[in-house]
Amino acid sequence: MTTSRLCDLPTSYIKGVGPALEKRLLSIGITSIQDLCFHLPIRYEDKTKITKINELQPNKKSQIQGEITNCQIQFGRRRALVCTLNDKSGHLTIKFFHFNATQKSSLSIGAKVRCYGDIRFGRTGPEIFHPEYKILKALTEEGLPKTLSPIYPITEGLQQNRLKTIIKDAVNLLEDAQPLEDYLPVELNAALGLADLTKAISQIHRPRPSSLRTYENNDFTSGTKRLAFEELLAHRISMRQSRNEFNKRVAPQFPKQNSLLKNFIYSLPFKLTNCQTKVIKEINDDLTRPYPMLRLLQGDVGSGKTIVAAAASLRAIGAGFQVALMAPTELLAEQHHMAFEKWFRTLDIKVGCLSAKTKGKSRENLVKAISDGTCRFISGTHALFQEKVHYHKLGLIIVDEQHRFGVHQRLALKNKALRMKISPHQLMMTATPIPRTLAMSAYANLDNSVINELPPGRTPVKTAVIPDARREEIIERINAACTNNQQAYWVCTLIEESDVLQAEAAQATAEKLSKLLPKITVGLLHGRMKPAEKLKIMEQFKTNDIQLLVATTVIEVGVDVPNASLMIIENSERLGLAQLHQLRGRVGRGAIDSYCLLLYHAPLSVNGRQRLAVLRETNDGFLIAEKDLELRGAGQVLGTQQTGSTNFRIADLNRDSDLLEIARDSEKIIFRDYPESIQPLIERWIGGKKDYAQV
Ligand code: ADP
Ligand code: MG
């Protein structure tokens, strides 16, 4: 045995790993023996015991064994090899649609077989299709494993069984002779009473069946806890490090004195809320520093984030810089454009709007105005950060509703910003409050500002959960509201993310509703309409020329019509809580009593009922986000594209929330006293995936 560290030993050190396999392993980020040891199981299979056939439960993976009493080839719609197995308690059928001659001859009458697979109940009793199986000499329990069988994340061309063997060899290496390097400070280990690292790793690859139960019941073994802690810590360290790097970049410093900002705030028809004033000050402090701001502004729907964005913009523009405001939808980008145009006109600031639909001459002109600096404020979709758009002097990037952007868009933005010599400041805004656990993990690299008060004069929205069978009643209610000078939204939702289908559904609903409501003008808004059309409809809704607006979820973000007081959401059981809360935020913006009716299609599942009840009971976006996380898990809450940073190998934000604060404090200790541990920990847990973990 050599004395080199496991992180320096290549995978080819393991017998049977040649250049081809080495390359495959590399493709999932595994280069060393240590990497193999830290490639953790995603789940386990329990092959430690045999279940009697008469005790089998459907849809559960189980292991049985018995003697073959019948074996034949069935010629039905599909040819199949069908055997009957008997274990004295009962019989079970195994079926193979693909089989070869060797298989056929080994599975003959009298053979003793052990099988593992998904149990289903067919016409003749329990069956397994394509079981894993093994021919036995005798029907004894000999050879049953004592530990659970791990299942690993794999990739194309790398088979589960192959990977299992390699990892087993790697883990054997450390059990035999060479423990893993422990990078956690001794005093931290002692203070927290953490389990031994090498033991924890070998345990996680081959746990006893009893430890699986404790793991699932959240009362996890100390080995699991130790690994989860180290992983959370490594993520925090990596984020802190990249933030430190970011802080070394040079940003423009904007002077504090600025008459533009004063004039703007003076011109507003209302007084800023205390929270708005506080956040504007936090941002102003950031903007006077020589390194870039990286700040997240969280504020519930309708809390008035746009004014804050405008105030920050004026600091940049006043200092001679440009501002780019990126929104997730064209509709929102266009609305921002109109709002800022109105605000900035009197200040003599030229604004523009750039989206995928800005075409031809107008695009050319705009791109030119951006590059020569005449256009000072540009709102738009992610089109703002395409290769071909060059800024004259970009000083501030604002991302509205940042949670709606995928990892790739954020990465594009980041890379564009990194290529600039002078780094623009960045302000991210979100109306989907980030639960504490995510704030302490996935968003740990951002500074945080919170607006937790609404402008005065708003009345909380009342929410009801109603089966869609009661549609007529609801239509009557719309009629009453709209003939009483109020306005309503009707939101159509579909499971499919298809623009076309969504548009069709909304169109059909709009037609039906305008027949049923002859006294009311019904408008239609969906993502397939031209920008000009959309704006026209929005304008008509704003001026109350349209009383009922039928729309797809395009209105989810940013739409602001204070006279609308009734919101109907179809198929609400299919949407996430945060999304429903956003939609509901379109009403309750004025002084009139507002209502949100969540329609569902019966029957509603228990979980569905619980989720909708959360909305009925609270208007607090933070609470809703916490519940959403509890009921759906982090990946879902952040959206599939965004899970880069929450794809933990072992940590689980719900289960391990108690570790987050300890990880935060430990991060500080490591940076202060043990800087030599920083790199090894990042290398071990994050390695090549770092870029994605930090956008
Ligand atoms: P969001 O935080 O959801 O982006 P907006 O910025 O769109 O909220 O603001 C919602 C509405 O509240 C807008 O009509 C805006 O003009 C209004 N508003 C913002 N701040 C105040 C305030 N301090 N007092 C009264 N109304 C305000
Ligand atoms: Mg907004």
Side-chain angles (χ1 to χ4, degrees), residues 261 264-281 283 295-314 325-344 353 377 379-381 398-405 427-434 448-461 487 489 538-539 541-544 553-565 567 578-592 594 596 619-622 624-625:
L261 183 54
F264 170 68
I265 290 177
Y266 186 72
S267 76
L268 290 174
F270 45 72
K271 204 169 149 283
L272 294 178
T273 63
N274 290 335
C275 274
Q276 284 170 324
T277 310
K278 178 195 75 181
V279 171
I280 289 175
K281 183 174 178 314
I283 293 172
R295 186 171 283 279
L296 178 70
L297 169 55
Q298 302 179 59
D300 213 339
V301 265
S303 61
K305 296 184 291 295
T306 322
I307 300 285
V308 174
S313 302
L314 289 173
L325 184 152
M326 178 162 82
T329 65
E330 275 159 44
L331 186 65
L332 184 51
E334 284 147 13
Q335 283 218 8
H336 279 323
H337 178 231
M338 289 199 299
F340 281 83
E341 174 143 75
K342 205 171 76 194
W343 286 332
F344 287 180
C353 183
F377 176 93
S379 73
T381 57
I398 303 172
V399 181
D400 196 14
E401 310 290 352
Q402 74 87 34
H403 59 284
R404 295 285 304 266
F405 290 96
L427 176 63
M428 265 69 81
M429 307 200 291
T430 182
T432 299
I434 291 158
N448 239 301
S449 290
V450 176
I451 303 187
N452 52 12
E453 77 185 311
L454 294 179
R458 305 260 177 92
T459 36
V461 182
Q487 289 170 276
Y489 295 97
M538 274 322 297
E539 211 37 57
F541 192 55
K542 270 193 182 155
T543 52
N544 202 357
T553 46
V554 292
I555 61 147
E556 181 184 332
V557 284
V559 170
D560 184 34
V561 179
N563 191 48
S565 62
M567 156 82 51
Q579 197 177 8
L580 289 169
H581 180 61
Q582 286 268 336
L583 283 167
R584 174 170 65 181
R586 301 306 116 214
V587 294
R589 299 188 153 231
I592 12 170
S594 295
C596 174
N619 275 301
D620 178 341
F622 277 88
I624 290 170

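Heads up: numbering here begins at 1 and tracks the sequence. First listed ligand is number 1; within each ligand, the first listed atom is number 1.
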Next item on the list: Could you tell me which atoms of ligand 1, counted from 1 in the order shown, lie closer than 4.0 angstrom to a heavy atom of K271?
Entry: 22 (C), 23 (N), 24 (N)

Item checked: Under-4.0 Å heavy-atom contact with ligand 1, by part of R458 that carries it -> side chain

Check: Which atoms of ligand 1 are found less than 4.0 Å from any heavy atom of T273?
Finding: 23 (N)

Next item on the list: Would you indicate whether the side-chain heavy atoms of T273 and L454 approach each other to under 4.5 Å?
Entry: no

Next item on the list: Name all residues meeting the side-chain hydrogen bond (donor to acceptor under 3.5 Å, both in side chains) criterion together with H581; count only those two or more places apart in sequence or in a different chain, and write none if there are none.
Entry: D300, R584

Notebook entry, point to check: For ligand 1, is any non-hydrogen atom under 4.0 Å from M429's backbone (N, CA, C, O), its side chain (CB onward), both, or neither?
Noted result: neither

Check: Can you list the atoms of ligand 1 that are under 4.0 Å from a heavy atom of T306?
Finding: 4 (O), 5 (P), 6 (O), 7 (O)

Next item on the list: Take every heavy atom of A431, measure it against each atom of ligand 1, and state whether any distance is under 4.0 Å.
Entry: no

Margin query: As a quick check of understanding, evaluate side chain to side chain contact (heavy atoms under 4.5 Å, CB included) for M538 and V561, giving each step before the final call.
Written below: CA-CA 9 Å; M538 274 322 297; V561 179; 4.1 Å; yes

Margin query: If you measure every N or O of V301 against every N or O of ligand 1, does any of those distances drop under 3.5 Å?
Written below: no

Check: Looking at side-chain heavy atoms only, is the closest gap between N452 and C275 below 4.5 Å?
Finding: yes

Check: Which residues satisfy the side-chain contact (heavy atoms from CB on, under 4.5 Å) test with F270, sequence neighbours excluded?
Finding: L268, I307

Margin query: Do E539 and M338 have side chains that approach each other closer than 4.5 Å (heavy atoms only, starting at C-beta)?
Written below: yes

Notebook entry, point to check: Can you tell me if G299 has a non-hydrogen atom under 4.0 Å from ligand 1?
Noted result: no

Check: Checking side chain to side chain contact (heavy atoms under 4.5 Å, CB included) for the pair T306/W343: CA distance, chi angles, key distance, verdict?
Finding: CA-CA 11 Å; T306 322; W343 286 332; 4.0 Å; yes

Notebook entry, point to check: Which option, G304, P269, P455, S303, owns the non-hydrogen atom nearest atom 9 (O) of ligand 1?
Noted result: G304

Check: Of the backbone atoms (N, CA, C, O) and the side-chain heavy atoms from C-beta on, which set of L272 has a member under 4.0 Å from an atom of ligand 1: side chain, backbone, both, or neither?
Finding: backbone

